[in-house]
There are 2 protein chains.
Amino acid sequence: MKKNAIINSTPVCQVRMQAISDAMSLLSGKWKFHILGTLIEGNTLGFMDLLREVNGIGTKMLSKELQDLEMNNLVSRTVKNTKPITVEYSITEYGKSLSPLIDELAKWGGAYRRSVYKKGKN
Amino acid sequence: MKKNAIINSTPVCQVRMQAISDAMSLLSGKWKFHILGTLIEGNTLGFMDLLREVNGIGTKMLSKELQDLEMNNLVSRTVKNTKPITVEYSITEYGKSLSPLIDELAKWGGAYRRSVYKKGKN
DNA sequence: GAAAGTAGTTTCCTGTTGGAAACTATCAAA
DNA sequence: TTTGATAGTTTCCAACAGGAAACTACTTTC
């Protein structure tokens with residue numbers, strides 16, 4: 001008798017797994033959380049501001065990640081009619097809804113780091 | 001006058017960003033949350049059980065991801081003295097501490113999916 | 001003796017991620 | 001007119017992630 005999946009075959013689990021995959025695909029990559037976190041703190045920032053704030057990022061990645069985030073409605077981009085033109089990036093209401101998740105991630109990561117430190121592994 | 005980072009230069013932000021990076025590096029990849037979620041639900045499972053439960057994963061990735069998770073103390077591996085030998089994988093206490101984070105991720109992902117559905121994008 | 005179940009490892013290949021550097025284009029100030 | 005600030009894009013390249021298939025190795029069942 002061939003065995004089949006039991007746990008993850010339930011509809012509840014399927015939906016949950018799908019939700020996690022969705023979230024992961026929107027938030028994957030090296031820089032998304034850094035950018036989102038910075039915009040949550042800073043409210044409104046220009047491209048060069050972000051380039052300075054997000055430590056280590058380059059123009060290509062910043063540009064690409066901002067496009068991704070804008071496409072998913074987590075960040076808004078507004079071109080100001082100034083000279084020279086400036087662009088304002090800010091977090092959307094929807095983006096703000098990520099705060100609890102970011103907090104949880106920071107909390108867990110911090111606790112993990114402290115536990116490893118205690119054990120003398122680092 | 002050359003501008004410098006303001007927001008993310010504060011020690012609080014530095015620590016927070018580091019915590020997020022730590023968590024991300026432990027939990028990155030296509031399969032970690034699926035495996036962890038399955039083990040949280042299923043308590044104790046063998047290699048072949050996991051292969052059946054985690055939809056789409058292959059032996060190579062399962063083996064590699066389990067090694068990663070074991071190394072980071074999120075999953076424990078026990079070889080049983082049976083014939084043929086069986087191996088029991090289970091979630092550690094430390095791994096269980098990820099539950100709130102996984103819940104938050106599933107919650108946000110689910111809400112996102114519903115919001116996109118409402119707007120008719122999908 | 002062959003098939004099937006246990007638990008993986010190894011090899012080969014492809015697609016994606018991300019970085020460095022150069023480049024475009026506009027405008028203001030010195 | 002040269003410098004520097006704005007906001008990016010493009011190209012080229014190296015490294016990593018992940019999948020398919022074959023293989024190892026042991027044991028039990030048919």
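A note on names: the letters A, B, ... follow the listed sequences, proteins ahead of strands, and every chain is numbered from 1.
Straight-line distance from the CD atom of B/E65 to the P atom of C/dG8: 14 Å, rounded to whole Å. Following rounding to the nearest Å, B/Q67 (CD) and C/dA7 (P) show an atom-to-atom distance of 15 Å. One atom, CZ of B/R77, and another, P of C/dT6, lie 15 Å apart when rounded to the nearest Å. For A/L62 and C/dT17, the CG to C1' distance is 16 Å, given to the nearest whole Å. Remark: C1' of C/dA7 and CD of B/E70 are 14 Å apart, rounded to the nearest angstrom. Note: NZ (B/K60) to P (C/dT11) measures 12 Å, nearest angstrom.
Out of D/dG18, C/dG19, C/dG8, the shortest distance to the side chain of B/M61 is found at D/dG18. Looking at the side chain of B/P84, the nearest of the listed nucleotides C/dG18, D/dT28, D/dG8 is D/dT28.
Side chains of B/S63 and B/T59: a donor-acceptor N/O pair is absent below 3.5 angstrom, by distance only. For the residue pair A/T92/A/S76, the side-chain donor-acceptor check at 3.5 Å is not satisfied.
If you check every strand for non-hydrogen atoms under 4.0 Å, B/T59 touches a base.
Distance CG/B/L27 to CG/B/L36: 7.0 Å, rounded to 0.5 Å. Between atom CG of residue B/L105 and atom CZ of residue B/F33 there is a gap of 5.0 Å, rounded to the nearest 0.5 Å. For the atom pair OG of B/S9 and CG of A/N55, the computed distance is 10.0 Å after rounding to the nearest 0.5 Å.
A salt bridge is defined here as a Lys NZ or Arg NE, NH1 or NH2 lying under 4.0 Å from an Asp or Glu carboxylate O, and A/R16 with B/D103 meets this definition. One finds a salt bridge joining B/K32 and B/E65 here, because a Lys/Arg side-chain nitrogen approaches an Asp/Glu carboxylate oxygen to under 4.0 Å.
The phosphate of D/dT9 has OP1 or OP2 within less than 4.0 Å of a side-chain N or O from A/S63. Contact annotation: A/Y89 does not reach the phosphate of D/dT6 (side-chain N/O to OP1 or OP2, under 4.0 Å).
A residue-by-residue look at A/K64 and B/L66 shows that B/L66 has its nearest nucleotide of DNA chain C further toward the 5' end. Across the interface with DNA chain C, nearest-nucleotide mapping of A/I85 and A/I57 shows A/I57 to be the residue nearer the 5′ end.
Using a 4.0 Å cutoff on non-hydrogen atoms, the parts of residues 25-56 of chain A near DNA chain D are A/G46, A/F47, A/M48, A/R52, ordered by number.
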